[in-house]
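Step one of this worksheet: look at the structure below.
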Amino acid sequence: MNRQQIAGTLAEVATLLELRGDNPFRVRAYANAARIVESLQEDLATLAAENRLTEIKGIGTDLAAKIAEMLTTDRLRFHDELKASFPPGLLDLLRIPGFGPKKTKAVYDQLQVDSLEKLEAACQAGRVAKLAGFGEKSQQKILEGIALLRQFSGRHHYHTAVAAAEPVLEALRSHDGVIRCSVAGSLRRCRETIGDVDFLVSAKPVDAPGIIADFVGMAGVRAVSAQGETKASVVLAGGIQADLRVVSDEQFAFALNYFTGSKEHNIAMRSRALKLKNLSLNEYGFSPAAEKEKSAKELGSSIPCRTEEEIYAALDLEYVPPELREDMGELAGTLPQLIVKENLRGVFHVHSTWSDGVESIEAMANAARDLGLEYIGISDHSKGQRQANGLDETRLRQQAVEVKKLNAKFANQDFRIFFGTEVDILPDGTLDFDDATLAQCDFVIAAVHSSFTLPVDAQTERICRALANPKVTMLAHPTGRLLLEREGYAVNMPEVIAAAAEHRKIIEINAHPYRLDMDWRLWKRAKELGVKCSINSDAHSIEDYQYLAIGAAIARKGWLEKNDVINCLPLKEIEKVLKRG
DNA sequence: GCCGTTTTCGGCCCGACTGTTTTCAGTCG
């Protein structure tokens, strides 16, 4: 088992123990261990071989033995036994928002409910409301929760889909018969959530069956849903559906364009082809509109195009990057020079061991410098975040001293650490630190971490109030929409964006996996109002810097250019922006 | 189950919110 699998198993043991009603502190020990293993920088196998697992804080003799068992036998007997003692569908109930282990245990013990379907039926029959501790309202919320789960089941975060797609693409690329290959669909367009992952390959017809066979036989494939001559569908481990299409190399550009979509963009392209050139366009090529029965599939494209650029050129268009293909005005007028991750010169919203990060400030700084960045902004949590070891006023002052010392070290290396804080926005819109305390910071990130269920108006009002505070520089993770399978906080984002415009505040683009940032349409709105953004990593470890690339992808989706993103500025200029606040 | 010790067992983060209660339990971050 690798690190992630071990962490996942430990986390599931914690859940199962909780379901069994075990000692809550034992449960926490497993949950802690899962988190520790997940973010561990050192190699687990090495630590185990050297008998040093118990040196990790939070891992005692028992957990060390269990980790060692997973490393050597690829399973954990304790986990197997625990899992076998519950019906397989029971864990699904925990995915309902607001439905935890105690409630799961209650419906299981008293109503023999052990699946989402049975729970739904029990609610509809009014049996759940009659249980002690439940009522009409909880029964209604459960039904809504199940509906929400259904709506998003089968959709995956962009991150998850990218991680699943990469090894598949690698395998396809290394296949002898494959001439060109690419991802297509919503993944290529960098949508926040992805339904299924589409792959496109060009090859000679004679090679197609071999490519298809290798695809369905790949290591990560859990099930094969369809397999034909030029097309196959599989379910990857993790439950992501993946489709492969094999076309000839002459068709590749047209097929790539067609399968990248969006559907709306394709419609706009086809109607432009008809209107402008009297040609119909499909996944095989252009063909004269009059010759419907003899399509491009049999005759080849009447305008051969080797690349997508040539297709757009054939329609007198400049190349449209996949991120912009949503029929949101991309075929009319000049397109922006979209940002790429190489444009980033620094990163804000970086955590350290002062709160809940796993690395020292110096280690985070060095790693950022190694990536070619010129500055980082350290912003650990404020005192209200006790569970994250948030800093109080005293520790914040001490941290300021450390940052000053480190900056002296970096002075002749053209690198700088900006000193900041990620301060909580309290329910009334005030902040977790007073103005005098915030005054010592180079920048202040305001964030919501509690009271997620305030009414929309109150939620919006408190965020806008925080943005009106002159000490605040930027707003963290503006989750303005439903998260996958879970309710985010409901906010009137257009109002928040307007407030950011009025007070000249920066809104963060945060691509950390447990955040789903705001809808790309809202970023377009922000751009129109002149609101700047900052592409941050919310890094709690060095690995987390990888999310800058995904942040840049989100920015592209919102049509953002270098001028819209403050951390594209070099060190000398960013100081001025931060001072203005 | 871990930690830290007052070396052998007691303490382990906590506040807000919701829906159920009539003083609290469950869930969440």
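Protein chains get the first letters and strands the later ones, always in sequence-line order, with residue 1 at the start of each.
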Side chain to side chain, A:S379 and A:F348, heavy atoms closer than 4.5 Å: no
Between A:F99 (CZ) and B:dC28 (C1'), how many Å, whole number? 15 Å
Say you pick atom C1' in B:dC2 and the same atom in B:dT8; how far apart are they, in whole Å? 14 Å
Sugar-phosphate only, base, or nothing, as touched by A:K105 at under 4.0 Å among non-hydrogen atoms: nothing
Using the P atom on both, measure B:dT5 against B:dC12 and round to a whole Å. 15 Å
Pairing check on B:dT8: which nucleotide meets the Watson-Crick or G-U wobble criteria with it, both distances under 3.5 Å? none
Nearest-nucleotide pick for A:K141, side chain only, options being B:dC2, B:dC13, B:dT18: B:dT18
Span that lies between the C1' atom of B:dT18 and that of B:dT23, in whole angstrom: 15 Å
Please give the distance between the C1' atoms of B:dT6 and B:dG11 as a whole number of Å. 14 Å
If you check every side-chain atom of A:K57, which of B:dC13, B:dC3, B:dC2 has the closest atom? B:dC3
By nearest atom, which of the nucleotides B:dG1, B:dC13, B:dG19 is closest to the A:N23 side chain? B:dG1
Mind calculating the distance between CZ (A:F25) and C1' (B:dC9) to the nearest angstrom? 14 Å
Nearest-Å distance, CG (A:L76) to C1' (B:dG1)? 14 Å
If the C1' atom of B:dT27 is compared with that of B:dT20, how far apart are they to the nearest Å? 14 Å
Can you measure A:I59 atom CD1 to B:dC3 atom P for me and round it to whole angstrom units? 8 Å
Proximity to the side chain of A:R386 - top-ranked nucleotide from B:dC14, B:dT20, B:dG1: B:dC14
Counting heavy atoms from C-beta on, name the nucleotide in B:dG4, B:dC17, B:dG1 closest to the side chain of A:S451. B:dC17
For nucleotides B:dC13 and B:dG4, find the distance between their P atoms and express it as a whole number of Å. 13 Å
The side chain of A:K103 is closest to which nucleotide in this list: B:dC14, B:dT18, B:dT27? B:dT27
Euclidean distance for C1', B:dC9 against B:dA16 (whole angstrom): 33 Å
With nearest nucleotide decided by heavy atoms, which residue, A:K102 or A:P427, maps closer to the 5′ end of DNA chain B? A:P427
Can we call the ring centroids of A:H477 and A:H449 under 6.0 Å apart? yes
For A:I56 and for A:E18, find the nucleotide of DNA chain B with the closest heavy atom, then tell me which residue's nucleotide is more 5'. A:I56
Nucleotide B:dT27, atom P - distance to CZ of A:F134 in whole Å: 8 Å
Please say whether more than 12 non-hydrogen atoms of neighbouring residues, nucleotides or ligands are located less than 6.0 Å from CZ in A:R369. yes
Using 30° and 60° as the class limits, which term best fits the ring planes of A:H381 and A:H351: parallel, tilted or perpendicular? parallel
Does a nitrogen or oxygen in the side chain of A:R26 sit under 4.0 Å from OP1 or OP2 of B:dG1? yes
Between A:F78 and A:K66, is there a cation-pi geometry (under 6.0 Å to ring centre, at most 45° from the normal)? yes
Rounded distance in Å - CG (A:L17) to C1' (B:dG1): 10 Å
Expressed in angstrom and rounded to an integer, what is the separation of A:L426 atom CG from B:dA16 atom C1'? 12 Å
Check: A:E402/A:W354 side-chain N/O donor and acceptor closer than 3.5 Å: yes
Check every strand shown and say whether A:S138 touches a base, only sugar-phosphate, or nothing at a heavy-atom separation below 4.0 Å. sugar-phosphate
Classify A:I36 by what it touches in the nucleic acid, base, sugar-phosphate, or nothing, heavy-atom distance under 4.0 Å. nothing
On the nucleotide B:dG15, are OP1 or OP2 found under 4.0 Å from the side-chain N or O atoms that A:S450 carries? no
How far, in whole Å, is B:dA25 from B:dT21 if one measures between their C1' atoms? 10 Å
Base, sugar-phosphate alone, or nothing: which one does A:Q140 contact when heavy atoms must sit under 4.0 Å apart? nothing
Sidechain-backbone polar pair: A:S360 side chain, A:A363 backbone, donor-acceptor under 3.5 Å: yes
Between the base of B:dG1 and the side chain of A:N32, is one N or O donor paired with an acceptor at under 3.5 angstrom? no
Tell me: OH of A:Y108 to C1' of B:dG26, nearest whole Å? 21 Å
Within the 4.0 Å heavy-atom criterion, would you say A:P101 contacts the bases, only the backbone, or no part of the nucleic acid? sugar-phosphate
